[in-house]
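Each chain gets a letter, A, B and so on, in the order its sequence line appears, and its residues count up from 1. Computed from a predicted structure; not experimentally measured.
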Number of protein chains: 2
Amino acid sequence: MPKASEMGSEQSSMPTMKDVAKRAAVSIKTVSNVVNNYEFVSEATRKKVNKAIQELGYVINVPARNLRLGHTGMIALAIPDLTLPYFAQLSSLVIEEAKKLGLRVLVEPTLYSREGELEALHGAQHSMIDGLIYSPLELGMDDVRELDVPYPLVLLGERIFTPDTDHVATENVEGAKHATTYLINSGCRKIAVIGTHPGEELGSAALRFNGYKEALDEAGIEFDPRLAVPARMWHRLDGENAMNELLDSGLVPDGVVAFNDMLASGALHAIQMRGLKVPDDISVIGFDNSEDSQYLSPALTSISPGLEAVARLSVRVLKDRIDGVQPLGIAPDEHVFRKVTSTLVIRNSTRELPASQRN
Amino acid sequence: MPKASEMGSEQSSMPTMKDVAKRAAVSIKTVSNVVNNYEFVSEATRKKVNKAIQELGYVINVPARNLRLGHTGMIALAIPDLTLPYFAQLSSLVIEEAKKLGLRVLVEPTLYSREGELEALHGAQHSMIDGLIYSPLELGMDDVRELDVPYPLVLLGERIFTPDTDHVATENVEGAKHATTYLINSGCRKIAVIGTHPGEELGSAALRFNGYKEALDEAGIEFDPRLAVPARMWHRLDGENAMNELLDSGLVPDGVVAFNDMLASGALHAIQMRGLKVPDDISVIGFDNSEDSQYLSPALTSISPGLEAVARLSVRVLKDRIDGVQPLGIAPDEHVFRKVTSTLVIRNSTRELPASQRN
DNA sequence: CTGTTAGCGCGTTCAG
DNA sequence: CTGAACGCGCTAACAG
């Protein structure tokens with residue numbers, strides 16, 4: 001037999017249910033019953049059919065089945081960039097969770113373009129897909145009407161809200177607030193924040209900044225704008241630069257909240273290069289609890305956004321919508337709006353809480 | 001109209017070609033012609049049909065089309081772990097390249113399990129997929145027969161060889177050799193290597209180690225086993241530990257070849273923590289040229305495995321096989337075996353070559 | 001428990 | 001250049 005890879009299409013000679021039926025001397029329906037594990041098939045016929053399947057090397061033709069069933073068992077996941085650890089992680093978790101529910105995932109990087117994001121929404125693929133988990137970055141509140149699509153949709157993040165779709169988001173504000181409060185409780189008073197995006201109102205930077213300020217506010221610490229260092233990109237080097245800038249200004253903080261772990265890693269490095277100690281001189285907290293954070297030295301205390309929960313929830317909700325059932329305990333006509341609680345993963349880049357603060 | 005997400009399946013009410021045909025007062029065939037950009041359709045009818053499509057919001061039904069055509073326009077990419085930057089990068093590039101050729105990609109993480117890898121190969125999905133790009137980690141030469149699958153397959157890496165499938169690989173040996181030679185030319189004589197896997201023969205660690213030794217050999221430098229530090233995992237902390245171990249032993253090298261950029265990053269950190277300078281005291285070279293490497297300080301000199309070329313080649317070859325044409329300039333019955341040339345990306349973690357060595 | 005029949009939506013002969 | 005009828009492989013009634 002020539003290898004399929006040397007032929008045009010593998011479909012040409014693949015055996016069908018009909019072939020199996022003939023060989024097993026049963027009807028097509030019976031084969032279908034066996035293949036789909038229909039309960040009421042006699043053990044004898046089942047064996048007969050399986051034998052024929054084995055001998056012919058029969059594999060079910062998924063496209064045909066899809067056509068008949070009207071769905072494909074495939075969902076799409078649209079994210080800005082698969083090379084970002086955050087999204088790679090998310091994708092991996094979504095794929096894993098989907099698999100548990102018998103769903104496959106088509107990952108679609110939208111590559112920071114508005115076009116890409118719109119195409120993910122309206123592209124021709126959509127008869128091929130049962131639903132979409134959508135994490136927009138470029139689209140904003142002005143684009144809400146774009147979300148009126150003829151298939152189930154779960155929206156990730158907090159850039160767009162509509163009462164007409166299900167949302168799953170992470171706690172940006174609460175997470176940053178938690179981190180900042182933790183630093184305050186551990187004795188920090190001059191807490192810098194790295195990675196702000198001045199002028200931005202949507203997006204993680206703005207939300208996390210708000211959390212930071214809220215924490216300060218509640219603790220009665222006045223916000224010092226000089227301690228907020230912008231960083232357009234959130235790479236390691238940006239964190240290093242930001243931290244150096246701060247240190248050069250003579251304004252040495254006793255704590256740092258970095259808006260992601262890369263920034264934190266850079267800050268760590270800048271601090272240590274000056275002979276200062278983390279956490280003795282300066283505590284550092286990161287964001288995202290990326291896999292790397294545990295491998296830094298000192299291991300990085302970080303806010304874990306609960307990506308597992310995001311993945312689990314969004315896939316489950318989508319699956320329910322596809323199946324036409326109400327997700328979770330949601331009332332009819334209502335939509336899921338769920339914020340996943342973030343947790344602070346304490347490692348060695350922050351000082352311990354004094355005994356009085358622990359519980 | 002109720003939102004689809006509140007209904008069972010979106011398929012129920014989607015307009016078909018028949019609906020479009022009726023509305024445009026033409027035959028189904030004509031609609032099909034228009035949709036598929038068949039050349040010989042009068043401008044008038046084309047317009048008429050397009051208008052009807054617009055009004056009805058018609059979208060072509062991909063599963064039906066797939067059934068008829070016998071292929072799906074979808075390929076799978078099986079990799080060990082999507083959260084590894086290397087594979088995330090590769091996936092992203094493959095998706096991009098596939099898109100250019102009108103193909104969609106189903107990413108399938110096999111999660112370091114033999115089962116997962118076998119399932120990717122033989123799983124039921126395969127009538128749903130036109131071909132597979134396959135990067136095994138657990139499978140070895142004993143499993144060659146598993147690769148006899150009824151669809152086009154492109155094999156990535158150097159773990160399994162068969163004359164019966166197309167291969168695309170990166171230059172592990174050559175890359176490591178290149179890196180080591182570069183260090184030698186820049187004046188290093190005591191070159192450590194971090195990340196070896198003693199006892200392993202397949203796999204990147206072994207191949208890269210060979211390249212390192214070849215370079216030493218050619219330069220007439222004797223290999224000192226104490227300079228080869230094993231590291232099972234290739235995380236940042238492993239690099240840091242390995243480097244510390246070396247430094248503690250009193251055996252201070254003047255150059256380090258790390259088997260990936262994470263290891264290199266850790267080594268960098270360990271070196272700097274001792275007050276030693278990179279590259280003045282010790283040069284460091286990494287592997288993979290990951291996105292992070294440029295954001296380390298000093299920016300990391302690294303071997304770029306040419307992932308773009310791997311992605312481009314493997315998708316192209318697969319596409320050709322799917323279309324039944326000979327890839328590249330390959331003779332019939334021959335198979336592609338292509339190693340992508342790696343390049344050394346020189347940044348600031350290595351000393352400059354003396355004038356005599358430059359070209 | 002099993003067989004028969006009728007499409008799912010599309011592309012494609014083959015006539016016109 | 002266009003229309004009518006067929007079948008891709010499968011599942012869901014409904015009989016038997």
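By the side-chain contact (heavy atoms from CB on, under 4.5 Å) test, A:Thr30 is found to be paired with A:Val26, A:Ser27, A:Val49, residues two or more places apart in sequence or in another chain being considered. The side-chain contact (heavy atoms from CB on, under 4.5 Å) test applied to B:Lys100 returns B:Glu97, not counting sequence neighbours. For B:Tyr112, the ring-ring contact (aromatic ring centres under 6.0 Å, His included) test picks out no residue, with sequence neighbours left out. Under the rule for a side-chain hydrogen bond (donor to acceptor under 3.5 Å, both in side chains), A:Arg338 has no partner lying at least two apart in sequence or in another chain. Applying the side-chain contact (heavy atoms from CB on, under 4.5 Å) test to A:Val59 and every residue at least two apart in sequence or in another chain returns A:Met14. Partners of A:Lys18 according to the side-chain contact (heavy atoms from CB on, under 4.5 Å) rule, which considers only residues two or more places apart in sequence or in another chain, are A:Thr16, A:Ile28.
If you measure from atom OH of A:Tyr38 to atom P of D:dA13, you get 11 Å, rounded to the nearest angstrom. A straight line from CE of B:Met128 to P of D:dC10 spans 14 Å, rounded to a whole angstrom. Counting to the nearest Å, the C1' atom of C:dC8 and the CG atom of A:Leu67 are 4 Å from each other. Distance NE2 (A:His71) to P (D:dC10): 15 Å, rounded to an integer number of Å. Atom CG in A:Asn37 sits about 12 Å away from atom P in D:dT11, given to the nearest Å.
Sequence neighbours left out, not one pair with a member in residues 60-84 of chain B passes salt bridge (Lys or Arg N to Asp or Glu O under 4.0 Å). Counting only residues at least two apart or on different chains, the salt bridge (Lys or Arg N to Asp or Glu O under 4.0 Å) pairs with a member in residues 150-159 of chain A are A:Glu158-A:Lys339. The salt bridge (Lys or Arg N to Asp or Glu O under 4.0 Å) contacts involving residues 106-123 of chain B comprise A:Lys99-B:Glu119, B:Arg114-B:Asp143, where partners must be two or more places apart or lie in separate chains.
Distances shorter than 4.0 Å separate none of the side-chain N or O atoms of B:Thr16 from OP1 or OP2 on C:dC8. Contact between the side-chain N/O atoms of B:Thr45 and the OP1/OP2 oxygens of D:dT2 is found at a separation under 4.0 Å. Put simply, A:Thr30 has no side-chain N or O that comes within less than 4.0 Å of OP1 or OP2 on C:dC1.
Contacts with DNA chain C (heavy atom under 4.0 Å) in residues 46-57 of chain A: none are found.
Taking the side chain of B:Val26 as heavy atoms from C-beta on, and the options C:dT2, D:dG3, D:dC10, the nearest nucleotide is D:dG3.
Here A:Glu55 pairs with A:Lys51 in a salt bridge; the nearest charged N to carboxylate O distance falls below 4.0 Å.
With the nearest nucleotide of DNA chain D identified for both B:Ala25 and A:Ala64, B:Ala25 has the one nearer the 5' end.
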### Query
What string of B, S and - do you get for nucleotides 11-16 of chain C 5' to 3' if you count protein non-hydrogen atoms under 4.0 Å?
BB----

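End-to-end axis angle of the helix from C:dC1-D:dG16 to C:dG16-D:dC1, from C1' rotation axes over five pairs per end: 30° (rounded to 10 degrees).
B:His335 and B:Asp166 are linked by a side-chain donor-acceptor pair at a separation below 3.5 angstrom, with hydrogens and angles left out of the test.
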